[in-house]
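Letters A, B, ... mirror the listed sequences (proteins, then strands); counts begin at 1.
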Amino acid sequence: MSIKEMPSQYIAREHEDSIYKMWETSDAFNPDSTSYVLPTKSFSIIMPPPNSNGSLHIGHAVFVTLQDIMTRFHRMRGDKTLWLPGADHAGFETQVVYQKKLEKEGRNWFTIPRAELYQEILDFTLENKKIMEGQLRKLGASCDWSREKFTLDPDIVKTVYATFKRLYDDGLVYRENRLVNWCVKHQTTLSDLEVKHEERVDSLYCINYGPLTVATVRPEPIFADVAVAVHPKDKRYKNLIGKMARIPLINKEIPIIADESVEAGFGTGAVKVTPSVDHNDFELAKKHNLPIIQIIDQFGKLTEPAPEKYRGMKVKEAREAVVADIKEAGLLQKVDEQYVHAVAVCYKCGTILEPRLLPQWYIKMATLRDGAVKAVKTGEVKFVPKRMEKVFMHWMKNLRDWNISRQIVWGIRIPVWYRSSVPPLRVRGGEEGLRASHNPPQPSLILREGDMEIYVGTEPPKDEGWTQDPDVFDTWFSSGQWPFATLGYPNGKDFKDFYPTSVMETGWDILFFWVARMIMLGLYVTGKVPFEHVYLHGLVRDKDRQKMSKSKGNVIDPLGVIDLYGADALRMALVIGNTAGNDIIISEEKIKGYRNFANKIWNASRFVLMNLDPLSPTPLPKGEGRVRVKLTVADKKTLKELDAMAKKVTSHLDKFEFHHAGETLYHYFWHTFADKIIEQMKPRLQIPSPQSSPTRGEEAGRNPSPATGRGQGEGDRKAAQYILHTCLATCLKLLHPFMPFVTETIWQQMPKEKQSMLIVEKWPSK
RNA sequence: GGACGGUUAGCUCAGUUGGUAGAGCAUCGCUUUUACACAGCGGAGGUCGCAGGUUCGAGCCCUGCACCGUCCACCA
C-alpha cells in the first residue's frame, strides 16, 4: 500500500491480522530475539492462564490490554521482556461446564468411566484452548507463544508433585478426617473460599427435649444429636447440666452439657449438638469428647440413625416430615417462620452445602502465611492499588487450613497411594464405574485409617497392592505454583532470567484464590516472592453495574467488537477511565469513540505522509545532502512540549497509571497535534513561491501568514515537515502499547531508511 | 457480626504532596474549509452526598451521619 492508496477511513479489520502475523513471524515477542541489544534489565509477566472451557470474554480483554501495554512499553524501552502465555485446565470450573454440557446432551455423568470422561474433557479443553489462542492474537497480545504453558503439561505436573511431596515431608500437608463442605450436586468437597454465604429466611423451631427446649433451624437430623448445650452461667439451666435430655420421636437420651460458646440470649438458650451436620457442633463434640454420628449421605439424603420412615428422604422433605411428627407428638412449642440467617451454598450452583465427615488433605497455613504477610509488609510484594494490601492482610489473618482434595475427575490426581489389608474403597458399581473413583471412602473405612500404609511420592510406588487416592488437587493448589512452574524451576534458564517476575496483573476477584496462594507457595518453594508488583484490575460490568457472565447473558463478545471497531478501539475503551481496583463499565458508545480516535490517528498520519517530500523522506534540521532547515522559536517550543508529554506518559506507565497515560496521549494527539500543530503547519507546507525573500521568510516563519496561505521558503517548509514528522513518529511510538495495530500499520507507511517495525522501535523518552 | 470502597456536569469517570473544578460520551449553535462529518470551531451544563472541624485557603486532611456497593465470617 502506498501513501496515495491510504483510504480516508481506517478499517481495522483489513489490517490487524496481517500486522499480527508480521510481528509473530519476526519473533519480536521472544525475549531471545536479536532485536534486543544488550538489555540491562529484564521485565516479565506470567499471563494468568485463561480457563480453557469457553471463549474469551471482555474480562480477558482487560487483562490482555493491560499486560500487553506493559509488555510493549518495556520491550520498546529495551528491557529483556517476557510475557509468558498459558492456558488453565481449570479443574472444578471446567468440570462444571462439561457436566452441564452432558446434561444438555442427555448423558449421565456418573455412568461414564473415569478414564473415558477424562479424555473427553481433555479434548474439549484442548479445543477451547486453541480457539482462545486465536482470540488472544486478535486482541494483539504480544506474548511469547514459543513458551506457552498448559496447567496439565507434564513438567508442570512434575513440579506440582514435587511441591506436594516437599510439603508432606515438612509436615505442612496432612490428611485429616474432618467436617467438610460438601456439594450434593457436584459430589465434591469445596474449600472455604468456594463457599458462598447467602441470606435465607427459614423457620426457627423450638422443640421440647424433655427438661428443656432447644431452638433449631435444622430439625431433620435430630436423630444424630449427641448432646444439648447451654451456657454454664445460664440460671435457667444451671441445675440441668449433667442431666439428660430426650430426643423427640426416638426418645433417645443425650447429656446436657455446658459451653461458653452458647449464647444464652439466642432462641431458648439451649442448643442441640449434631456434630455431623454443623461445624460449630463438630468443634463442640471434639471439645467435649462426644461421638459423631453421620446421618446425611453424599446425596443429601437421610441415612441409618434416622428411623426407617425418614431414610432416603432429602433434607427438605425430611424436615417437613419430622416437623409434622414432632408437632403431632405435641413437642413443637413455637415456630418463628421469619428467621433470617446465612446458609452456606456452593459458589457454582447455589446448592446448600451439607457438611460431611471425610478424610481430606489439608495444607497447614500458619507457616506459609507468615512468610507471605512479611513479604507484603516489607514491600517485597507491592500491591496496586495499595489499599488491596489491607484486604489481603485481613484475609490472611483469618486463614484456616486449606482443603486441597477434590472428588472430581478433571484435574491433577493427588500423588498419594494407600495400602491396606482391607480394600481402601468400598465401591459400588465395580472398578470401572465412575462412582468408584468419585465416591469418597465410606465412613466405616475411615476408622481404619490407622491400618493403612500411606505412600506419598512423585512417582507411583513400585511394589504391589497400592491404590492411588481417587481425588485430584484443588486447581488453585497447582496454579498457585504457576510463576515458578512455568519458568522451569529450579534449573531452567528462564527461571534464572525472569524470576521473580515483575508484575502479576489479574482481577481482584481472585486475590485470595490465586494471588495469595502464589505468594505463599512461591516463597515456600523458591524462597523468593513470585512477583514484585501485583496490579489488580476491576471487573467489567455492564451499564447496570452487573457483573458480566455467560449465565446472565449480558456478555460483550470481544471478537464481535473487534470486528466492528477494531482491537485498538476496544483496548483504549478498556484502559481509559479504568483505575486499578475499580470496576470497569463499558458501553458500545465508548468503544465507538476510540474507533473514531483510531481514525483520527490514521487521517492525521495520512496528512503528514502526503506532505513529506519523497526525496527527503526524513527531514532533519541539518544533514548531508538535505536542505538546511531552521526551526522557529515556536517549533522549538513544540518539540519541548512533545518531549514533556512523552515524559509524562512514561512516568504514568512506570506508576501503573495506564488510564492517565492513555488520556494524556489521546488528548495530545487529537487536540494538540491534530487540531493545533497540523493546522498551524498547513500554510508552511505550501510549495514555496519564488518571490518570498529569505529575510521575510525567516520573520514570517514564526508567524506564518494566513493571509497569503503560504509558507516562507524551502527551509521553512522543511522545518514544518520536520516538526510534523517528529511529532507523528513520537506519538506513534508512545501510542503503540495502547493501540498497536493502527500505529504499526501507519509505521509501515512512514518513510524510513530501512525496513523496521514499530513494535521494536526505541521508546522516545526516559 | 467484622472490614473495605464509593458518593464530583445528563451518563461513565479523572482529579497525583490542599491554592479560584476536568475529560470522554451525550447535548445545543455554526461550518459540508482540498487529512478526517468516525470532522472542525464555539457554547451550555457542577454550592464536588450531608453536618461540623483544622487551615490564609479543602473535592483533596480530621470527626460524625446518610445512602449505595463489595468482600470476609462454622452462631443454633
Considering only atom [atom1], compute the distance from [N] to [M] and round it to an integer number of Å.
N	M	atom1	value
B/U54	B/U12	C1'	34 Å
B/C28	B/C61	C1'	40 Å
B/A21	B/C13	C1'	15 Å
B/G22	B/G46	P	14 Å
B/G18	B/C36	C1'	42 Å
B/C25	B/U20	P	26 Å
B/G49	B/G5	C1'	15 Å
B/A3	B/C11	P	33 Å

Euclidean distance, atom [atom1] of residue [X] to atom [atom2] of [N] [Å, nearest integer]:
X	N	atom1	atom2	result
A/Met396	B/C72	CE	C1'	14 Å
A/Leu536	B/U70	CG	P	19 Å
A/Tyr666	B/G24	OH	C1'	6 Å
A/Met681	B/U34	CE	P	21 Å
A/Lys397	B/C4	NZ	C1'	14 Å
A/Lys386	B/G5	NZ	P	13 Å
A/Asn603	B/C36	CG	C1'	4 Å
A/Asn398	B/A73	CG	P	8 Å

Please list, pair by pair, any protein nitrogen or oxygen found under 3.5 Å from a nitrogen or oxygen in nucleotides 38-44 of chain B.
from	atom 1	to	atom 2	distance (Å)
B/C38	O4'	A/Asn596	OD1	2.8
B/C38	O2'	A/Asn599	ND2	3.3
B/C38	O2	A/Arg595	NE	3.1
B/C38	O2	A/Asn596	OD1	3.3
B/C38	N4	A/Gln9	OE1	2.3
B/C38	N4	A/Gln9	NE2	3.3
B/A39	OP1	A/Asn596	ND2	3.4
B/A39	O3'	A/Lys600	NZ	2.9
B/G40	OP1	A/Lys600	NZ	3.1
B/G40	OP1	A/Trp670	NE1	2.3
B/G40	OP1	A/Asp675	OD1	3.2

Aromatic plane relationship, A/Phe656 with A/Phe658 - under 30° parallel, 30 to 60° tilted, over 60° perpendicular
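Rings of A/Phe658 and A/Phe656: perpendicular, as their planes differ by over 60°.
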Taking the side chain of [X] as its heavy atoms from C-beta onward, which of [options] lies nearest to it?
X	options	value
A/Glu589	B/A35, B/A14, B/C25	B/C25
A/Phe512	B/C75, B/A14, B/C71	B/C71
A/Lys390	B/G24, B/G15, B/G5	B/G5

Between A/Ala604 and A/Ala215, name the one whose nearest nucleotide on RNA chain B is closer to the 5' end.
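Looking at the nearest nucleotide for each, A/Ala604 comes out on the 5' side.
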Applying a 4.0 Å non-hydrogen cut-off, can you work out what [X] is touching in the nucleic acid: base, sugar-phosphate, or nothing?
X	answer
A/Val273	nothing
A/Tyr339	sugar-phosphate
A/Asn611	nothing

Any [X] side-chain N or O less than 4.0 Å from OP1/OP2 of [N]:
X	N	value
A/Lys682	B/A35	yes
A/Arg387	B/G5	no
A/His394	B/A73	no
A/Ser605	B/A35	no

Short N-O contact, [X] and [Y], less than 4.0 angstrom:
X	Y	value
A/Glu589	A/Lys592	no
A/Lys364	A/Glu176	no
A/Arg400	A/Asp192	yes
A/Arg200	A/Asp202	no
A/Lys676	A/Glu679	no

Pi-cation contact, A/Trp402 with A/Arg517 (under 6.0 Å, within 45°):
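Ring-cation test returns yes.
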For the residue pair A/Arg178 and A/Tyr362, would you count it as a cation-pi contact if the rule is NZ or CZ under 6.0 angstrom from the ring centre and within 45 degrees of the ring axis?
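Yes, a cation-pi geometry.
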Are A/Phe597 and A/Tyr666, when compared by the centres of their aromatic rings, separated by less than 6.0 Å?
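Here the rings of A/Tyr666 and A/Phe597 have centres that are less than 6.0 Å from each other.
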Could you run through RNA chain B and flag its stems, i.e. three or more consecutive Watson-Crick or G-U pairs with both distances under 3.5 Å?
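RNA chain B forms these stems: B:1-7 with B:66-72, B:10-13 with B:22-25, B:27-31 with B:39-43, B:49-53 with B:61-65.
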Show me the donor-acceptor pairs, under 3.5 Å and distance only, between side chains in residues 261-271 of chain A and residues at least two apart or in other chains.
from	atom 1	to	atom 2	distance (Å)
A/Ser261	OG	A/Asp259	OD1	2.8
A/Thr268	OG1	A/Thr213	O	2.5
A/Thr268	OG1	A/Ala270	N	3.3
A/Thr268	OG1	A/Ala270	O	3.3

Report yes or no: does A/Asn403 contribute a side-chain atom to a donor-acceptor pair with the main-chain N or O of A/Thr189 at less than 3.5 Å?
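Between the backbone of A/Thr189 and the side chain of A/Asn403 there is no qualifying donor-acceptor contact (under 3.5 Å).
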